[in-house]
Amino acid sequence: MSLFENTLKQINEAAEIMNLEKDIITILSHPKRIMQVSLPIRMDSGEIKVFEGFRVQHNDLAGPFKGGIRYHEQVDMDEVKALAAWMTMKCAVVGIPLGGAKGGIVVDPKKLSKRELEQLTRRYVDRIQAIIGPDKDVPAPDVNTNGQIMAWIVDEFMKLGNLNKKGVVTGKPIECGGSAGRDEATAQGGVYVIDEIVVEKGIKPEEMRVVIQGFGNAGGTMAMLLAEKGYKICGVSDSKGGLYCADGLDPKQVNACKEEKGSVTECKMVASNCEVCTNEELLEKDCDILILAALENQVHADNAANVKAKMIFELANGPTTPEADKILSGKGVMIVPDILFNAGGVTVSYFELVQNETQYYWTASKVQRRLKPIMVNAWQRVSGIQKKYNCTLRQAAFISAMTRLKAIMEQRGFE
Ligand code: NAD
């Protein structure tokens, strides 16, 4: 099944439980606009190479479209459509006034020089400039894109339009109009949700063994934040493979080692009792909490039964397939879904947009003070819906989102 079909399945399942009108499902099943662009750049070798790029704008009923830009060799239209639809749901779960979009370029940025990467980014802005802007569609970083790339986007967009509109993207470096606390926001938002669950269930953090797939912006930060709270981080991974240390590891040391050697798989020496494994093997290691922070479709029909964790937290978008969802629910595994759990990132992106528009910047502690109640309220709302309908947390999160979207459509219409 394609990723967008997975998304439609999730929408339909939740719609059936809440008895949502067919017309609303129909609207939410189709992106509002899809743009596909060719991106020619001159490579350092002198030849011209053409890359393929996408921007999918799923829904803007709640506010301007919002969603990251992914640079990855496996990006395709189907994936970008799914990610855009999840953004619509995510913004509605946390109740921020933004819609859903996503973008991507089919490229492995590690194979480009810095100059080539800058050219490619600026060309992409040139192609999509007519449909982005603070009031239209606001991109952000995603897999393999970062603050530097956002800075080039702001610069190109403002030059092309002769505008001063820093709010055209979020996730910018602080010096270019970024928000304090944005880099940590995705993981921090997830930690606020975990804090609530831990209290509700009477769990002791120091007794929890955690495995984290994906040691990038979201997963790496999550590892540090949980270690600070006393959780035992036993496993981490990156695109080259996993590192599992049964007695625990210090994520700060792993981070320093990864920066020096390029991969966590080169960091066996950071703790005793460590082994290097594949990403697939890491997902099946002994642990209480599994955090998925890499890519989609990582837990699927063929490996779900072997997952030992009792709780799964989705920092990545779409890491669990609908088939795996069923197997894991059958085993009594609690899955806190992406559209709720990783919504801290887009929430602080919204704060960044507000700061850009008002030209008044907040401290990191103010950002955190404002993020926490949004995440806690979203969790409590979703958890209440789950109990009311006796459904999964994913279905509850979709019901929460679609209840908000339905209210807008009923009052405004949907054109
Ligand atoms: P990133 O590029 O900083 O990190 C991704 C990590 O996953 C890296 O460590 C990479 O090596 C690893 N990885 C790549 N392919 C892998 C594979 N096949 N198996 C295991 N690991 C692999 O990206 P990120 O920003 O941390 O995003 C990670 C996920 O979180 C994505 O799904 C993204 O959409 C989602 N997300 C990120 C944010 C954010 O603010 N960064 C917000 C919401 C959701």
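Numbering of ligands and ligand atoms starts at 1, following listing order. The first residue in the sequence is number 1, and the count goes up from there.
With Glu156 as the fixed residue, the salt bridge (Lys or Arg N to Asp or Glu O under 4.0 Å) test singles out one of Arg127, Arg122, Arg123, Lys165: Arg122.
Cysteines Cys245 and Cys274 have SG atoms closer than 2.5 angstrom.
By the 6.0 Å contact criterion, NZ on Lys308 is enclosed, its count of non-hydrogen atoms from other residues, nucleotides or ligands being greater than 12.
By the ring-ring contact (aromatic ring centres under 6.0 Å, His included) test, Trp362 is found to be paired with Phe351, residues two or more places apart in sequence or in another chain being considered. A search for side-chain hydrogen bond (donor to acceptor under 3.5 Å, both in side chains) contacts involving Tyr361 returns Asn356, not counting sequence neighbours.
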Compile the donor-acceptor pairs under 3.5 Å between side chains in residues 96-104 and protein atoms, sequence neighbours left out, one pair per line.
from, atom 1, to, atom 2, distance (Å)
Lys102, NZ, Asp142, OD1, 3.2

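Pocket lining of ligand 1, defined as residues with a non-hydrogen atom under 4.0 Å away: Arg70, Asp142, Val143, Asn144, Arg182, Thr186, Gln213, Gly214, Phe215, Gly216, Asn217, Ala218, Asp238, Ser239, Asn279, Ala293, Ala294, Leu295, Leu315, Ala316, Asn317, Asn342.
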